[in-house]
Amino acid sequence: TTTPDFYQNGVGWITRSNDFYPPKSGLGPVTFDPAHPYRQNGEGGAPTFRVADLSHPALMPWVKDTLMKFNDQVLAGRPLYTVANSCRPSGVPNMLLVRITPFFFLQTEKEVWLVWQNDHMVRRVYLNQPHSKNLKPSWFGESVGHYEGDTLVVDTIGLNAQTTVDNYHTPHTEKLHVVERYHMVNGGRQLEVDVTVDDPGAFTTPWSAMQRYGRVDFSTRSTPEVGQLAADVDGYLVEEVCAETARTPVDIGMPPVPQANTPDF
């Protein structure tokens, strides 16, 4: 079986959706409260902030209470921005919800790197090896993977609890286990990622989701295959700087960035 080439001599992948799509079958991700529909920029009409549907059957009580606080914030007229707006690491699987800017694959025999233009975020997938023992939790955890035919399967554990699994700010614990399956569809013009999320500390049962990307051919600087998924892009991977600050309008329920009282230089 030939290993799939996700780079194809100059291909980046872009999504316009910063919400997960429902899976082909089974329990899906948290979505918006039907009484308060979510509308993102570019969908027509005034955009809204997210109000989570608390009836999702997998939510443990403490997770539901956390989401309720965010819902109350939005319903009181205060904004609720995404993690990407804060310039903090998105974590897994939230990293799949970074939209507009492309991400790229770098594939070798032993590793696959997933490189996001947005804030230089990089994930390293170590191929054909088991997870390390006694992992110290980190922002992106430890990802190991293998190929199953035309699909790259990525298994991630060791994630800290400072990230959220989606842009509704659904929390998780350090027991979070995420499996992603990357495969191209429509003759290589689109990329689909099937995601399974399991966290016995936050969810009563595993749930699944999907993300879709359009292909951008940077070797010709064209996006004819992508249609509405295309964005205004030019050239190859470019530098895109995003930095946390001590004062930010973004409230994502996290403590502020530490700030010294006196300069150290």
Side-chain angles (χ1 to χ4, degrees), residues 12-24 27-56 59 63 66-103 114 116-119 121 163-172 178 180 185-186 189-195 197 207-216 223 225-233 240 242 248-254:
W13 301 97
I14 284 181
T15 182
R16 281 201 179 277
S17 177
N18 57 11
D19 262 0
F20 285 118
Y21 293 94
K24 295 181 177 69
L27 181 63
V30 170
T31 186
F32 58 77
D33 185 333
H36 304 280
Y38 169 65
R39 185 168 54 246
Q40 63 184 7
N41 283 314
E43 290 187 336
T48 61
F49 290 105
R50 292 173 174 80
V51 176
D53 184 359
L54 301 181
S55 68
H56 192 286
L59 303 181
V63 175
T66 299
L67 289 175
M68 186 180 298
K69 293 177 181 178
F70 288 122
N71 284 357
D72 290 344
Q73 172 181 319
V74 173
L75 296 175
R78 296 192 296 274
L80 180 65
Y81 294 98
T82 68
V83 172
N85 291 128
S86 74
C87 299
R88 294 174 186 262
S90 298
V92 181
N94 198 311
M95 198 172 191
L96 297 173
L97 300 178
V98 174
R99 67 185 191 123
I100 303 299
T101 58
F103 86 97
L114 287 76
W116 267 256
Q117 180 172 299
N118 187 74
D119 201 21
M121 292 190 295
T163 63
T164 62
V165 296
D166 55 30
N167 284 329
Y168 292 88
H169 299 295
T170 305
H172 64 85
V178 181
E180 302 152 280
V185 296
N186 297 331
R189 294 190 297 273
Q190 290 184 314
L191 177 74
E192 285 188 353
V193 189
D194 297 310
V195 184
V197 175
W207 52 268
S208 300
M210 180 195 298
Q211 181 58 300
R212 295 190 180 99
Y213 295 86
R215 166 186 169 137
V216 180
T223 58
E225 305 95 335
V226 184
Q228 294 302 312
L229 286 174
D232 295 328
V233 293
E240 182 175 307
C242 188
T248 173
V250 178
D251 181 1
I252 58 171
M254 287 182 164

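The analysis underlying the following values was restricted to heavy atoms, covering all of them including side chains, and did not include hydrogens, waters or symmetry mates.
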**OP:** Please check if any side-chain donor atom of D19 sits under 3.5 Å from a side-chain acceptor atom of Y168, or the reverse.
**Re:** yes

Original post:
Taking atom types as modelled, is there a side-chain donor on T163 or H172 under 3.5 Å from an acceptor on the other?
Top reply: yes

Where the side chain of [X] meets the backbone of [Y], is there a donor-acceptor pair that is under 3.5 Å apart?
{"X": "H56", "Y": "G28", "answer": "yes"}
{"X": "H169", "Y": "Y81", "answer": "yes"}
{"X": "Q211", "Y": "E192", "answer": "no"}
{"X": "R189", "Y": "R215", "answer": "no"}
{"X": "T15", "Y": "R212", "answer": "yes"}

Can you find a pair of side-chain heavy atoms, one from [X] and one from [Y], that are under 4.5 Å apart?
{"X": "L114", "Y": "M95", "value": "no"}
{"X": "T164", "Y": "T170", "value": "no"}
{"X": "P34", "Y": "D53", "value": "yes"}
{"X": "V74", "Y": "R50", "value": "no"}

Closest contact, heavy atoms only, [X] versus [Y]:
{"X": "L97", "Y": "D166", "value": "CD1-CA, 3.8 Å"}
{"X": "Y213", "Y": "W13", "value": "CB-CB, 3.8 Å"}
{"X": "F49", "Y": "L80", "value": "CD2-O, 3.1 Å"}
{"X": "P171", "Y": "V63", "value": "CD-CG1, 3.7 Å"}
{"X": "P93", "Y": "V195", "value": "CB-CG1, 4.0 Å"}

**OP:** Output all residues satisfying side-chain contact (heavy atoms from CB on, under 4.5 Å) with V98, sequence neighbours left out; order by chain, then residue number.
**Re:** S90, T101, W116, N118, M121

Original post:
Who pairs with P29 by side-chain contact (heavy atoms from CB on, under 4.5 Å), at least two apart in sequence or on another chain?
Top reply: F20, P23, W207, A209

Rounded to the nearest 0.5 Å, what's the gap from [atom1] on [X] to [atom2] on [Y]? Could you check?
{"X": "I100", "Y": "R16", "atom1": "CD1", "atom2": "CZ", "value": "4.5 Å"}
{"X": "L54", "Y": "M68", "atom1": "CG", "atom2": "CE", "value": "5.5 Å"}
{"X": "L96", "Y": "M210", "atom1": "CG", "atom2": "CE", "value": "12.5 Å"}
{"X": "N186", "Y": "L191", "atom1": "CG", "atom2": "CG", "value": "11.0 Å"}
{"X": "T48", "Y": "Q40", "atom1": "OG1", "atom2": "CD", "value": "9.5 Å"}

**OP:** Start with the C-alpha gap between N71 and H36, add the side-chain angles, then the distance that decides, and say whether side-chain contact (heavy atoms from CB on, under 4.5 Å) holds.
**Re:** CA-CA 10 Å; N71 284 357; H36 304 280; over 6 Å; no

Subject >> Under the side-chain hydrogen bond (donor to acceptor under 3.5 Å, both in side chains) test, residues paired with D72 that sit two or more places apart >> reply: none

Original post:
Is the number of heavy atoms from other residues, nucleotides or ligands within 6.0 Å of NZ (K24) greater than 12?
Top reply: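 Yes, NZ of K24 has more than 12 neighbouring heavy atoms, counting only those of other groups under 6.0 Å.
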
